[in-house]
Asks: 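Below is a structure I'd like to ask you about.
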Amino acid sequence: MKQWKSQNEDIEKEKNIFDIHNDEDELDYEATLKRRLAGPSVLKSGQESVDQERINEIIYEASKGSKYFEAEQKRDLELRMRIERVRQEVKEYYRKLEHNNAFQKEWAERTDQIDTYMQELQSCRDLSQVIVHVDCDAFYASVEELRNEKLKNIPMAVGKGVLCTANYMARKFGVRSAMPEFIAKKLCPELVVLPLDIPEYAVKSKEIQNLLLEYDQNLCPASIDEVYMNLTPYMNRNKLNKDEDTMQQVIMEIRNKVLKITGVSISCGIAANKLLAKIASNMKKPNDQYLVPIEAEVIEKFMSKLPTRRINGIGRVLEQELLGLDIETCGDILNNRTLLSYIFREKTFQNLIQCSLGIGSTIVQDFGDSYRKSIGCEITFSNAIASGGLLESKLQALCQSLAESLSKRDLIANSISVKIKTDTFQVHTRQKNLREYIFNDTDLFCEALRLLRMEYPLRIRLLGVRASKLTNKASYIASRIKFSKQNSVSCPVCRIDLKDDLAVVNQHIDLCLNTETVKKVIDNEKKEIPLKRKRNTIDAFFRH
DNA sequence: TACATACAC
DNA sequence: GATGGTGTATGTA
């Protein structure tokens, strides 16, 4: 609690300093808030014909006065202040650059270093692959349209409370994903909003993926409505030339096939790597395709004109921070590389440079659930709930569904976190590493409750619980099985000898397992067997 | 390790 | 009157 307060005090202090500014700043500040409230998907397709200024004004007026508005206002102010501080920093660098010889030298050396780094990157540029990014157009909405033809001709969106997606008819009104329903209705009173039916969308998604499998057996779903493919093996197999026309033709064929068979229109990006393919699929949405020629010079020229926000990973905040330095495009990033190296952390800086050169990964591989880092669930209440029995019963329910998700995937967790959002939209998490792995609802609830109660008194609009440091239950158990005799193993729980057959062992352990005994076994064995094993080792164990 | 923030969809 | 849920990465202390 202490940290949050002191942080706020700092902000209050700075705010006072910033109150002494002129009208121009005041206007500017309102404009950025309006842009912020407009949401993150302003750049999405279907907005071309929209009067964005007018829409933003309506959203702003509809939001005004709410607690959400105040929270956003505060966040916007914090960002403005951060940007202003950086601008001062920049001024100082440029002043030093004019008068300070030592600094001039340092700056020049750093520029050389960066240039060497960039040359290295360029020399490793992989232009041997044809990568495709497939993106379904207004996916949830188009699945709903398939179920009910009439929806095609009326503005429609899918979601509850907050919209997940809107059809193109609705987008003409400025209706977008992540927009609250009540604002969407203000922009378009006749908007039809349908409830989500994720299982149905998942079926359609699989249908599409199955069609695409013909073109790449290793295709990698990036989300329910997005897939990356490596088209190279397909092209080679069919002895197809990798010239632009042929590639465009293959993609055209894929798009036609998907539309004809599944009824869903898709947009595709064709390029040398995933970064470029993703940008490309967004260039001509909906129901179209775009190819970035697989040539270093063309790629660099393409990137230099590209607004920074087009890069996957550069969002509203980083975009604003860069704009604060008069950086609008990836070309600007490269031209200001030395300055940026002073301002951003190593990792952020390197990422900016790499992206701006159009360099990205060409690895298209689906790791499925095996590298999952965390799993959780959260819920927003219709009215904020105060500390007490009701809140705790909500936590219990969340832990129950978390336990289900864990067991569905055969996972156990070594760390747990509780997330809360106050009625003033401040988010906090409390996390704890555990002494043992847990997975059932009782244990999850017990640990989560402890974390939650430490924060009392509370009044919150959202509660969440998340399990992390995951490992596979069967693998974990197997890792502690002792091979007592040839062709036989002993159960780690009850020690009985079992046939060395994975199915037999698993079945027995499932029967044998209950939390108390697992705890005992783990405690007893802690000293003898290292707790953490690399997942790879365990997986390798099972392959043999 | 713990927490906050940013980002994507 | 009113602004979601799930998951990842990264910076900081």
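Letters go in sequence order (proteins before strands), and every chain restarts at 1.
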Asks: Any idea which of C/dG11, B/dA8, B/dA4 is nearest the A/N312 side chain?
Replies: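 The nucleotide sitting nearest to the side chain is B/dA8.
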
Asks: Would you say a side-chain N or O of A/T348 is under 4.0 Å from OP1 or OP2 of C/dG11?
Replies: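 True: A/T348 side-chain N/O within range (under 4.0 Å) of C/dG11 OP1/OP2.
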
Asks: Looking at every strand, decide which applies to A/L318 at a 4.0 Å heavy-atom threshold: base, sugar-phosphate, or nothing.
Replies: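 The answer is sugar-phosphate, as A/L318 gets under 4.0 Å only of primed atoms, P, OP1 or OP2.
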
Asks: Is the phosphate of C/dT8, meaning OP1 or OP2, less than 4.0 Å from a side-chain N or O of A/S374?
Replies: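 Yes, A/S374 has a side-chain N/O under 4.0 Å of OP1/OP2 on C/dT8.
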
Asks: Taking only side-chain N and O atoms of A/S63, does any of them lie within less than 4.0 angstrom of OP1 or OP2 on C/dT3?
Replies: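 For C/dT3, neither OP1 nor OP2 has a side-chain N or O of A/S63 closer than 4.0 Å.
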
Asks: Using a cut-off of less than 4.0 Å, is there contact between a side-chain N or O of A/H428 and OP1 or OP2 of B/dC3?
Replies: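 For A/H428, the contact criterion (side-chain N or O under 4.0 Å from OP1 or OP2 of B/dC3) is not met.
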
Asks: Using a cut-off of strictly less than 4.0 Å, decide whether A/R461 has a side-chain nitrogen or oxygen near OP1 or OP2 of C/dA2.
Replies: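 No.
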
Asks: Once you apply a heavy-atom cut-off of 4.0 Å, does A/A178 come out as touching a base, just sugar-phosphate, or nothing?
Replies: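 Base: the residue A/A178, judged by heavy atoms under 4.0 Å, touches a nucleobase.
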
Asks: Using heavy-atom distances to pick each residue's nearest nucleotide on DNA chain C, tell me which of A/M179 and A/K347 is more 5'.
Replies: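 First, find each residue's nearest nucleotide; the 5'-ward one identifies A/M179.
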
Asks: Verify the contact: side-chain N or O of A/K67 to OP1 or OP2 of C/dT3, cut-off strictly under 4.0 Å; return yes or no.
Replies: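 So the side-chain polar atoms of A/K67 never come under 4.0 Å of the phosphate oxygens OP1 or OP2 of C/dT3.
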
Asks: Under 3.5 Å, is there a donor-acceptor pair linking the side chains of A/R466 and A/Q431?
Replies: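 Judged by distance alone, the side chains do not pair up.
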
Asks: Under the 3.5 angstrom rule, does the side chain of A/S387 hit a backbone N or O of A/Y456 as a donor-acceptor pair?
Replies: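 Absent.
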
Asks: Only one of A/L458, A/T380, A/L452, A/I385 clears side chain to side chain contact (heavy atoms under 4.5 Å, CB included) with A/L463; which?
Replies: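 Testing each of A/L458, A/T380, A/L452, A/I385 against A/L463, the sole residue satisfying side chain to side chain contact (heavy atoms under 4.5 Å, CB included) is A/L452.
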
Asks: A/E378 side chain: which of B/dC7, C/dG5, B/dA4 is closest?
Replies: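 Looking only at heavy atoms from C-beta outward on A/E378, the closest nucleotide is C/dG5.
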
Asks: Below 4.0 angstrom from OP1 or OP2 of C/dT3, is there any side-chain N or O of A/K421?
Replies: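 Result: no.
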
Asks: Hey, is the main chain of A/E328 close enough, under 3.5 Å, to the side chain of A/D332 for a donor-acceptor pair?
Replies: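 At least one qualifying donor-acceptor pair exists.
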
Asks: Please classify the nucleic acid contact of A/G376 as base, sugar-phosphate, or nothing, using heavy-atom distances under 4.0 Å.
Replies: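 Sugar-phosphate, backbone atoms only, no base.
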
Asks: Rounding to an integer number of Å, can you tell me how far A/F381 CZ sits from C/dT3 P?
Replies: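 Rounded to whole Å, this separation is 14 Å.
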
Asks: With a 4.0 Å cutoff (strictly under), does any side-chain N or O of A/R430 reach OP1 or OP2 of B/dA4?
Replies: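 Affirmative; the distance criterion is met.
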
Asks: Less than 4.0 angstrom between a side-chain N/O of A/N433 and OP1 or OP2 of B/dA2, yes or no?
Replies: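 Yes, such a contact exists.
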
Asks: Decide whether a cation-pi geometry holds between A/K284 and A/Y290; the criteria are a distance under 6.0 Å from NZ or CZ to the six-membered ring centre and an angle within 45° of the ring axis.
Replies: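 The answer is no; the distance or angle limit is not met.
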
Asks: Between B/dA4 and A/K419, is there an OP1 or OP2 to side-chain N/O distance shorter than 4.0 Å?
Replies: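 A/K419 to B/dA4 OP1/OP2: no side-chain N or O under 4.0 Å.
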
Asks: Once you round it to whole Å, what is the distance between C1' of B/dC3 and CG of A/L451?
Replies: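 Interatomic distance, CG of A/L451 to C1' of B/dC3: 13 Å.
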
Asks: When the distance from CG of A/N414 to C1' of B/dA2 is rounded to whole Å, what number comes out?
Replies: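 Those two atoms, CG and C1', are 15 Å apart.
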
Asks: A/R176 has an atom CZ; how far is it from atom P of C/dG4, in whole Å?
Replies: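 The distance from CZ of A/R176 to P of C/dG4 comes to 16 Å, rounded to the nearest Å.
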
Asks: Here's a test of your reading of the structure: between A/S223 and A/V427, which maps to the more 5' nucleotide of DNA chain B?
Replies: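 On the 5' side of the pair lies A/V427.
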
Asks: Whole angstroms only, please: what is the CG-P distance between A/L463 and C/dG5?
Replies: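 Going from CG in A/L463 over to P in C/dG5 covers 11 Å.
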
Asks: Is NZ or CZ of A/R171 both nearer than 6.0 Å to the six-membered ring centre of A/Y168 and within 45° of the ring axis?
Replies: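 Verdict for A/Y168: a cation-pi partner in A/R171.
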
Asks: Less than 4.0 angstrom between a side-chain N/O of A/R466 and OP1 or OP2 of C/dG7, yes or no?
Replies: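 Answer yes for this pair, as a side-chain N or O of A/R466 is under 4.0 Å from OP1 or OP2.
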
Asks: Of all the nucleotides listed (C/dA2, B/dC3, B/dC7), which has the minimum atom distance to the side chain of A/F182?
Replies: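 Closest nucleotide to the A/F182 side chain: C/dA2.
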
Asks: Quickly work out the A/Q431 CD to C/dA9 P distance and round it to whole Å.
Replies: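 Checked: the CD to P distance equals 15 Å.
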
Asks: Kindly say if A/R372 contacts the phosphate of C/dT8, meaning a side-chain N or O under 4.0 Å from OP1 or OP2.
Replies: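 Answer is no, no contact under 4.0 Å.
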
Asks: Can you see whether A/F439 has A/K473 sitting over its ring - NZ or CZ less than 6.0 Å from the centre and within 45° of the normal?
Replies: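 Because its charged atom sits under 6.0 Å from the ring centre and within 45° of the axis, A/K473 does stack over A/F439.
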
Asks: Check whether any side-chain nitrogen or oxygen of A/R316 sits under 4.0 Å from OP1 or OP2 of B/dC7, and answer yes or no.
Replies: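 No, because none of the side-chain N or O atoms of A/R316 sits under 4.0 Å from OP1 or OP2 of B/dC7.
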
Asks: Measure from NZ or CZ of A/K64 to the centre of the six-membered ring of A/F69, then state whether that distance is under 6.0 Å and the direction lies within 45° of the axis.
Replies: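 Checked: cation-pi criterion not met.
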
Asks: How would you label the contact of A/E226 with the nucleic acid (heavy atoms, under 4.0 Å): base, sugar-phosphate, or nothing?
Replies: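 Sugar-phosphate, backbone atoms only, no base.
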
Asks: Could you give the distance separating C/dG4 and B/dC7 at their C1' atoms, to the nearest angstrom?
Replies: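 After rounding to an integer number of Å, I get 15 Å for this pair.
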
Asks: Base, sugar-phosphate, or nothing: which does A/R75 touch, judged by heavy atoms less than 4.0 Å apart?
Replies: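 Result for A/R75 = nothing.
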
Asks: Using the side-chain heavy atoms of A/R309, tell me which of these nucleotides is nearest: B/dA8, C/dT6, B/dT1.
Replies: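 Comparing B/dA8, C/dT6, B/dT1 against the side chain of A/R309, the answer is B/dA8.
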
Asks: For a quick test of reading the model: is some side-chain N or O of A/S66 closer than 4.0 Å to OP1 or OP2 of C/dA2?
Replies: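 Answer is no, no contact under 4.0 Å.
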
Asks: Would you mind reading off the distance between A/L352 atom CG and C/dA9 atom C1', rounded to a whole angstrom?
Replies: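 Distance, rounded to whole Å: 14 Å.
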
Asks: What is the distance, to the nearest angstrom, from the CG atom on A/L187 to the P atom on C/dT3?
Replies: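 Checked: the CG to P distance equals 17 Å.
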
Asks: Scan A/L163 against the nucleic acid and name what it touches under 4.0 Å (heavy atoms): base, sugar-phosphate only, or nothing.
Replies: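 Since no nucleic acid heavy atom lies under 4.0 Å of A/L163, the category is nothing.
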
